[in-house]
Amino acid sequence: MIAPAVHDLALEYEGKLNVAKLDVDNDPDIAARYGIRSIPALIFFKNGQPVDQIIGAQPKPALKRKIEAVLES
């Protein structure tokens with residue numbers, strides 16, 4: 001549902017962030033480690049540590065605002 005927006009933002013912020021996708025059905029241990037109980041879930045990492053997250057579908061402008069906030073922090 002949000003994959004096209006995430007893809008567009010990955011291209012827009014290329015070189016500033018990395019985007020990865022995890023199939024929670026195939027990797028339930030990783031999903032449990034980060035407390036993912038609902039999908040879609042986006043977790044923002046900085047220096048290898050989770051710093052923020054979005055749970056549930058959000059419009060592209062909301063995703064962009066979150067990315068900007070994480071990059072500025």
Side-chain angles (χ1 to χ4, degrees):
M1 183 183 237
I2 64 170
V6 171
H7 175 77
D8 290 349
L9 292 167
L11 294 175
E12 183 176 338
Y13 288 94
E14 187 172 6
K16 295 181 180 180
L17 61 83
N18 295 315
V19 175
K21 182 177 178 179
L22 174 74
D23 183 336
V24 296
D25 292 326
N26 289 334
D27 295 298
D29 294 340
I30 295 172
R33 181 183 322 156
Y34 293 106
I36 297 171
R37 294 188 180 95
S38 298
I39 53 174
L42 291 95
I43 302 176
F44 298 89
F45 291 82
K46 197 164 195 173
N47 300 319
Q49 299 298 316
V51 295
D52 211 337
Q53 65 180 4
I54 294 176
I55 306 298
Q58 298 287 318
K60 186 176 175 181
L63 300 175
K64 188 170 182 166
R65 283 191 301 274
K66 184 66 77 171
I67 290 169
E68 290 290 335
V70 170
L71 290 175
E72 291 174 6
S73 67

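Everything quoted here is computed from the prediction, not taken from an experiment. What's counted below: heavy atoms across the whole structure, side chains too, no hydrogens, waters or symmetry copies.
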Can you give me the closest heavy-atom contact between [X] and [Y], atom names plus distance?
X     : Y     : result
Glu12 : Lys64 : OE2-NZ, 2.6 Å
Phe44 : Lys66 : CE1-CG, 3.4 Å
Pro40 : Ala57 : CG-N, 3.7 Å
Ala10 : Val19 : CB-CG2, 3.5 Å

Any residue meeting side chain to side chain contact (heavy atoms under 4.5 Å, CB included) with Pro4, in chain and number order, not counting sequence neighbours: none

For Ala69, what residues pass the side chain to side chain contact (heavy atoms under 4.5 Å, CB included) criterion, not counting sequence neighbours?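 None.
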
As an exercise, state the distance from [atom1] of [X] to [atom2] of [Y], rounded to the nearest 0.5 Å.
X     : Y     : atom1 : atom2 : answer
Ile67 : Asp52 : CD1   : CG    : 11.0 Å
Leu63 : Ile54 : CG    : CD1   : 5.0 Å
Lys16 : Leu9  : NZ    : CG    : 12.0 Å
Leu42 : Ile2  : CG    : CD1   : 4.0 Å

Neighbour count above 12 (heavy atom, 6.0 Å) for Ile39 CD1: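 For Ile39, atom CD1 is not crowded (no more than 12 foreign heavy atoms under 6.0 Å).
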
Pairs in or reaching into residues 24-43: which pass salt bridge (Lys or Arg N to Asp or Glu O under 4.0 Å), with residues at least two apart or in two chains? none

Is there a continuous path of hydrophobic side-chain contacts, each under 4.5 Å between heavy atoms, that joins Ile55 to Ile43? no

Give every residue pair that meets the ring pair (Phe, Tyr, Trp, His ring centres under 6.0 Å) criterion with at least one member in residues 47-73, sequence neighbours excluded.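 For residues 47-73: none.
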
Selection residues 5-34 - residue pairs positive for ring pair (Phe, Tyr, Trp, His ring centres under 6.0 Å), sequence neighbours left out: Tyr34-Phe45

Under the rule for side chain to side chain donor-acceptor pair (under 3.5 Å), what residues qualify as partners of Asp23, not counting sequence neighbours?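 Asp23 satisfies side chain to side chain donor-acceptor pair (under 3.5 Å) with Asn26 once adjacent residues are dropped.
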
